[in-house]
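Scroll down for the structure; my scribbles are underneath it.
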Amino acid sequence: MTLAAHHDDEALGQAMSALVEELYPICRSITGEGLRDTLRILAKYVPLELREVPSGTAVLDWNVPREWNIRDAWIKNGQGERVVDFRASNLHVVNYSVPVRARLSLGELRSHLHTLPDRPDWIPYRTSYYDEAWGFCLSQKQLEALADETYDVCIDSSLEPGSLTYGELVLPGATEEEILISTHVCHPSLCDDNLSGVAVSVFLARELSKIKDRRYTMRFLYAPGTIGAITWLAQNREGARRIKHGLTLTCLGDDHLFTYKRTVGGQAEIDRAAAHVLGASGSPHQLIDFFPYGYDERQYNSPGFRLAVGSLMRGRHGQFPEYHTSGDNLSFISAGRMMESFGIVRAIVDVLQGNRSYRNLAPWGEPQLGKRGLYRALGGTDIPNLQLALLWVLNLSDGDHSLLDIAERAQMDFRAIRAAADLLLEHNLLA
Ligand code: ZN
């Protein structure tokens, strides 16, 4: 890697971190101003279009819920002190809580309090989207410090007709066929899940928007988990067919090894592209089969749609202690890890965009490379093993093998195979 490239990487990592820091304090949910404000901030980075879908709209088997907004919340003791304070952390309120004002004994209050006894310093993240409930989340230590007295409880929230907001960005390609990059954007102050995924996606969109000749159209979707993907699919039932490959991005800033979760069929081009890129990266990783839990790949892979959407993550859904707790904070993620994740996603998209099949135009024996100036051309690049890559591409370009097939067979990085194909195209040896 050149010095300049290294410097760019560092700047990109810092920019992703800065975006996460800007978004971290906002109280997001599946609807409401926090979600809208978040999308407006993303729209400063990329020309995102915000869509509003009214509450009550039927979407597939669901309905868009009422819009939730919250201004303040607290539990006050007998001295009027806030012993639990929404202003200190938005995780303190069960997300989507109905409004409440009450005076309750500690005993009455207890059934509305959630803690993590095993992690006494952390606040859990809880939601009550689809039933009318209210509650507070606090650390076990805070709970243990509560005296047996009467408390003033307030959740100054509202649940009213409004709309669900999502953001999307389309970068047109030569074909209408699409690659979808989808991230959920509904969690409040949590970093890895999923501000890291949002930041990687936004900066990828920004990078790819600078490329002029794209083969596939790129679609970037930023929507609340589950209901947002369902709403998008309901509104794009026909258009969704254009999605040929896709990824959900989540938990991309932590220290865990990469995990790629396959599509339901497990044999899609995205599955092979992700496996190839992770293998060639030398990063420790694991490939796991689809299961109908996790993030919005569940919706995209449902039988009515069966879109080839896999999922890339580091820490896995529900499998690390910080998951859905206040431990998933700014110090749990790093610019370096997000940068690595960015590199993997970028390379997967490059494989999909560049994976084509060609025919060797001089298939009778090996063409004489020297005569055609190809040895000289090889000297002008810094791609290792380019000569061997040329020979592989020439041998397997019989119309039946794609460049990804060739990279897998040759056990070479797709970039070398793609560069070899470009060189051969330039010298009229491929069509
Ligand atoms: Zn989550």
Side-chain angles (χ1 to χ4, degrees), residues 19-20 23-32 34-35 38-39 42 62 65 68 70 89-97 114-116 119 122-131 133 135 137 164-167 181-202 221-232 247-256 258-261 288 290-301 309-333 337-338 341:
L19 174 58
V20 170
L23 297 174
Y24 179 60
I26 299 173
C27 185
R28 277 164 292 275
S29 187
I30 53 173
T31 60
L35 172 63
T38 297
L39 295 170
L42 302 187
W62 300 56
W68 185 71
I70 182 162
S89 167
N90 57 43
L91 297 179
H92 277 315
V93 171
V94 171
N95 202 281
Y96 245 68
S97 282
H114 307 272
T115 65
L116 295 167
R119 302 277 173 180
W122 291 351
I123 309 164
Y125 161 55
R126 296 275 191 278
T127 64
S128 68
Y129 297 145
Y130 303 107
D131 52 354
C137 301
L164 176 150
T165 318
Y166 64 84
I181 304 290
S182 174
T183 53
H184 63 279
V185 68
C186 51
H187 290 20
S189 290
L190 298 170
C191 286
D192 199 33
D193 177 20
N194 190 24
L195 295 177
S196 65
V198 170
V200 168
S201 173
V202 164
L221 185 60
Y222 306 88
T226 307
I227 190 68
I230 283 171
T231 300
W232 187 87
L247 273 178
T248 62
L249 300 182
T250 180
C251 298
L252 289 174
D254 65 70
D255 273 344
H256 294 267
F258 283 106
T259 293
Y260 173 74
K261 177 181 170 183
I288 59 173
F290 179 86
F291 51 91
Y293 201 61
Y295 301 97
D296 286 328
E297 65 279 2
R298 296 153 63 174
Q299 313 308 330
Y300 302 123
N301 280 276
V309 177
S311 184
L312 185 73
M313 67 207 95
R314 303 183 75 118
R316 282 178 58 181
H317 184 269
Q319 296 200 0
F320 52 98
E322 294 83 359
Y323 176 82
H324 281 192
T325 78
S326 58
D328 181 2
N329 53 34
L330 290 166
S331 59
F332 182 59
I333 64 167
R337 294 310 194 194
M338 282 192 283
S341 303

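Small disclaimer: the values here were computed from a predicted structure and weren't measured. Positions are given from 1, in the same order as the sequence printed here. In each ligand, atom 1 is the first atom listed, and ligand 1 is the first ligand listed.
Qualifying salt bridge (Lys or Arg N to Asp or Glu O under 4.0 Å) partners for R126, counting only residues two or more places apart in sequence or in other chains: none. The salt bridge (Lys or Arg N to Asp or Glu O under 4.0 Å) check on R28 picks up nothing, with sequence neighbours excluded. In this view, T325 and L116, W122, E322 satisfy the side chain to side chain contact (heavy atoms under 4.5 Å, CB included) rule, not counting sequence neighbours.
Between the OG1 atom in T183 and the CG atom in L252 there is a gap of 10.0 Å [rounded to 0.5 Å].
Protein N/O/S atoms closer than 2.8 Å to the Zn ion (ligand 1), listed by chain and residue number, are H187 NE2, D193 OD2, H324 NE2.
Salt bridge annotation for R337-D255: present, with a cationic side-chain nitrogen under 4.0 angstrom from a carboxylate oxygen.
Between the side chains of H187 and D193, at least one donor N or O lies within less than 3.5 Å of an accepting N or O.
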